[in-house]
A.B. asks: 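Please find one structure pasted underneath; my questions will follow.
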Amino acid sequence: MKSVNELLDLKGRVSLITGGAGHIGQVIAEGLAEQGSNLVLLDVNTEKLNAVAEGLKHKYSVNVMTLVVNLEDEIEIKSVADKVGKEFGKLDIMVNNAAFVGDSSLDGWATSFEKQSIDTWRRAIEVNLTAPFCLIKSCASLFEKSGAASIVNIGSIYGISGPDLSLYEGTAMGNPAAYAASKGGLTQLTRWLSTVLAPNVRVNTVSPGGVFRGQPESFVNRFTEKTPLKRMATEEDIKGTVVYLASDLSKYVTGQNIVVDGGFTVW
Ligand SMILES: NC(=O)c1ccc[n+]([C@@H]2O[C@H](COP(=O)([O-])OP(=O)(O)OC[C@H]3O[C@@H](n4cnc5c(N)ncnc54)[C@H](O)[C@@H]3O)[C@@H](O)[C@H]2O)c1
């Protein structure tokens, strides 16, 4: 029987992380590199992407490839499989982490339901749901060459629960319908793919709770009060769950949604 450490070993594997330059994406990338996986970091933000790639290359003895891709562009998405295939010949792990998360200054996003725009709705669905569908489909032949393929889709508590808008009162923050619908859709796409791509490819979701990023104190206090573990998430909280699902430690786990939210959705 293999030891836990052997099952967690990702040496020789190739992991593609979308949104690899982002807060959670770079921590997931680091977790996979710690276990020896080579990396393909994909993001639309060239400057941040290069900085993250340089850092990880120096810290770990793994190959790091960068792909500047806009996940709102189908042609760019379709170019990914070819580039990864040429460099590595296969793909073992894909983490669909990039997301259209908007911000409070974006028109038609973090606002009342009546003011939420079709334009921001479409962009969120495009990046958060259509792009993973398209990327997974175009990488199918690379997964076949893996022998241990694992896809991890990053969902959200808001793909599971309805919003409690009282959490945001008195702040410029919001909780748009498009984000919730895109993450709920991604969680169901996970279940759909887990049976269709079996037995060669495992597909799971990780749904994080709210990550602390210096949000207004009133919001943090209300969110913390509502969370059984009495704090918001950190990026580190999410890393171990993704590495577990990416590795052979979870080789009999597919179609699941692991909720990493300090108990927020349990009530
Ligand atoms: N931060 C939270 O509280 C939280 C909570 C639950 C779930 N999540 C999920 O975790 C994931 C990571 O979130 P984060 O907080 O690290 O966000 P982030 O904004 O720090 O990172 C997202 C990354 O995705 C990239 N990206 C966005 N649009 C893109 C596009 N069109 N093409 C290519 N790349 C694009 C951005 O450049 C960025 O680097 C997301 O799926 C998010 O929905 C976050």
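Counting convention: from 1, in listed order, for ligands and their atoms alike. Both backbone and side-chain heavy atoms feed into the values below; hydrogens, waters and symmetry mates do not. One-based numbering along the sequence shown.
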A.B. asks: Any salt bridge between Asp237 and Arg231, counting N to O under 4.0 Å?
C.D. replies: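 Salt bridge: yes.
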A.B. asks: Nearest to atom 26 (N) of ligand 1, what protein heavy atom do you find, and at what distance?
C.D. replies: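 Scanning the protein heavy atoms, the shortest distance from atom 26 (N) of ligand 1 goes to Ala98 CB, 4.1 Å.
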A.B. asks: Kindly state if atom 31 (N) of ligand 1 has a protein heavy atom within a strict 4.0 Å cut-off, that is, under 4.0 Å?
C.D. replies: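 True for atom 31 (N) of ligand 1.
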A.B. asks: Considering the heavy atoms of Gly210, write down every atom of ligand 1 situated less than 4.0 Å from one of them.
C.D. replies: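 Close to Gly210: 3 (O).
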A.B. asks: Which of the atoms in ligand 1, numbered in the order shown and given with their element, are less than 4.0 Å from a heavy-atom of Gly155?
C.D. replies: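 Answer, ordered by atom number: 7 (C), 9 (C).
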A.B. asks: If you measure from the Lys or Arg side-chain nitrogens to the Asp or Glu carboxylate oxygens, is any gap between Glu225 and Arg222 under 4.0 Å?
C.D. replies: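 Answer for the salt bridge query: no.
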A.B. asks: Using a strict threshold of under 4.0 Å (side-chain N to carboxylate O), is an ion pair present between Lys78 and Glu74?
C.D. replies: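 Salt bridge: yes.
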A.B. asks: For Ile154, take its heavy atoms, then give the atoms of ligand 1 lying under 4.0 Å from any of them.
C.D. replies: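 Once the distances to Ile154 are compared, the set is 9 (C), 10 (O), 11 (C), 41 (O).
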A.B. asks: Check contact between Gly20 and ligand 1, using heavy atoms of the residue and a distance below 4.0 angstrom.
C.D. replies: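 Checking ligand 1 against Gly20, which is what was asked, there is no heavy-atom contact under 4.0 Å.
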A.B. asks: Using a 4.0 Å cut-off to any heavy atom of Val127, which atoms of ligand 1 qualify?
C.D. replies: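 In order of number, 31 (N).
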A.B. asks: Among all protein non-hydrogen atoms, which one is nearest to atom 42 (C) of ligand 1, and what is the separation to 0.1 Å?
C.D. replies: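 Answer for atom 42 (C) of ligand 1: Tyr179 OH, 3.5 Å.
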A.B. asks: Please write down residue, atom name and distance for the protein heavy atom closest to atom 40 (C) of ligand 1.
C.D. replies: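 Here the closest protein heavy atom is Asn97 O, 3.0 Å.
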A.B. asks: If you measure from each heavy atom of Glu126 to ligand 1, is any distance below 4.0 Å?
C.D. replies: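 Per 4.0 Å heavy-atom rule, Glu126 does not contact ligand 1.
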A.B. asks: What atoms in ligand 1 come closer than 4.0 Å to a heavy atom of Val69?
C.D. replies: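 Answer, ordered by atom number: 32 (N), 33 (C).
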A.B. asks: Verify the distance criterion only: is there a donor paired with an acceptor across the side chains of Thr224 and Asn221 at less than 3.5 Å?
C.D. replies: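 Short answer, no.
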A.B. asks: Between Arg202 (side chain) and Leu245 (backbone), is there a donor-acceptor pair under 3.5 Å?
C.D. replies: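 Checking the backbone N and O of Leu245 against the side chain of Arg202, a donor-acceptor pair under 3.5 Å is found.
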A.B. asks: Closest non-hydrogen protein atom to atom 39 (O) of ligand 1, residue and atom name please, with distance?
C.D. replies: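 Ranking protein heavy atoms by distance from atom 39 (O) of ligand 1, first comes Asp43 OD2, 2.6 Å.
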A.B. asks: Is there a path from Leu39 to Tyr244 through hydrophobic residues (I, L, V, M, F, W, Y) whose side chains come within less than 4.5 Å of each other?
C.D. replies: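 Result: yes, single cluster for both.
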A.B. asks: Could you check if a side-chain atom of Asn97 sits within less than 4.5 angstrom of a side-chain atom of Val242, using non-hydrogen atoms only?
C.D. replies: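 The answer is no; the side chains never approach within 4.5 Å.
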A.B. asks: Side-chain heavy atoms under 4.5 angstrom apart, residues restricted to Ile, Leu, Val, Met, Phe, Trp, Tyr: same cluster for Ile24 and Val243?
C.D. replies: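 Same cluster.
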A.B. asks: Heavy atom of Arg213 under 4.0 Å from ligand 1?
C.D. replies: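 Yes.
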A.B. asks: Do Glu30 and Lys59 meet the salt-bridge criterion of a basic N to acidic O distance under 4.0 Å?
C.D. replies: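 Glu30 and Lys59: salt-bridged.
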A.B. asks: What is the nearest protein non-hydrogen atom to atom 28 (N) of ligand 1, stated with its residue, atom name and distance?
C.D. replies: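 Protein heavy atom at minimum distance: Ala99 O, 3.9 Å.
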A.B. asks: Taking the ring of Trp192 and the ring of Phe133, is the distance between their centroids below 6.0 Å?
C.D. replies: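 No - the distance between ring centres of Phe133 and Trp192 does not fall below the 6.0 Å cut-off.
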A.B. asks: With hydrophobic residues grouped by side-chain heavy-atom distances under 4.5 Å, do Val253 and Val203 end up in a single group?
C.D. replies: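 Per the 4.5 Å side-chain linkage, Val253 and Val203 are not co-clustered.
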A.B. asks: Around atom 21 (O) of ligand 1, find the nearest protein heavy atom and jot down its residue, atom name and distance.
C.D. replies: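 Here the closest protein heavy atom is Gly22 CA, 3.4 Å.
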A.B. asks: At a 4.0 Å threshold, what atoms of ligand 1 neighbour a non-hydrogen atom of Val211?
C.D. replies: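 Those atoms are 1 (N), 2 (C), 3 (O).
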A.B. asks: In terms of side-chain heavy atoms, does Thr205 have a donor or acceptor partner in Asn257 at a distance below 3.5 Å?
C.D. replies: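 There is no such pair (donor and acceptor under 3.5 Å, judged by atom type) between the side chains of Thr205 and Asn257.
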A.B. asks: Can you list the atoms of ligand 1 that are under 4.0 Å from a heavy atom of His23?
C.D. replies: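 That gives atoms 16 (O), 20 (O) of ligand 1.
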A.B. asks: Classify the side-chain pair Ser105/Asp103 by whether it contains a donor and acceptor separated by less than 3.5 Å.
C.D. replies: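 Yes, Asp103 and Ser105 have a side-chain donor paired with an acceptor closer than 3.5 Å.
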A.B. asks: Any carboxylate oxygen within less than 4.0 angstrom of a Lys/Arg side-chain nitrogen, looking at Asp164 and Lys226?
C.D. replies: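 Salt bridge present between Asp164 and Lys226.
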A.B. asks: What are the atoms of ligand 1, with element, lying closer than 4.0 Å to any heavy atom of Asn70?
C.D. replies: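 By the 4.0 Å cutoff, the relevant atoms are 30 (C), 31 (N), 32 (N).
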A.B. asks: So which protein heavy atom does atom 6 (C) of ligand 1 come closest to, and at what separation?
C.D. replies: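 It is Pro208 O, 3.3 Å.
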A.B. asks: With respect to atom 10 (O) of ligand 1, which of Ile24, Thr18, Asp103 exhibits the smallest heavy-atom separation?
C.D. replies: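 Looking at heavy atoms only, the winner is Ile24.
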A.B. asks: Quick test of your reading of the structure: of Leu67, Val101, Val260, Thr46, whose heavy atom lies closest to atom 19 (O) of ligand 1?
C.D. replies: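 Among Leu67, Val101, Val260, Thr46, the closest heavy atom to atom 19 (O) of ligand 1 comes from Val101.
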A.B. asks: Any heavy atom of Ala233 closer to ligand 1 than 4.0 angstrom?
C.D. replies: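 Contact check Ala233 vs ligand 1: negative.
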A.B. asks: Where's the contact between Lys183 and ligand 1, heavy-atom distance under 4.0 Å: side chain, backbone, both or neither?
C.D. replies: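 Just the side chain.
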A.B. asks: What's the shortest distance from atom 35 (C) of ligand 1 to any protein heavy atom, and which residue and atom give it?
C.D. replies: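 Looking only at protein heavy atoms, the one closest to atom 35 (C) of ligand 1 is Val44 CG1, 3.8 Å.
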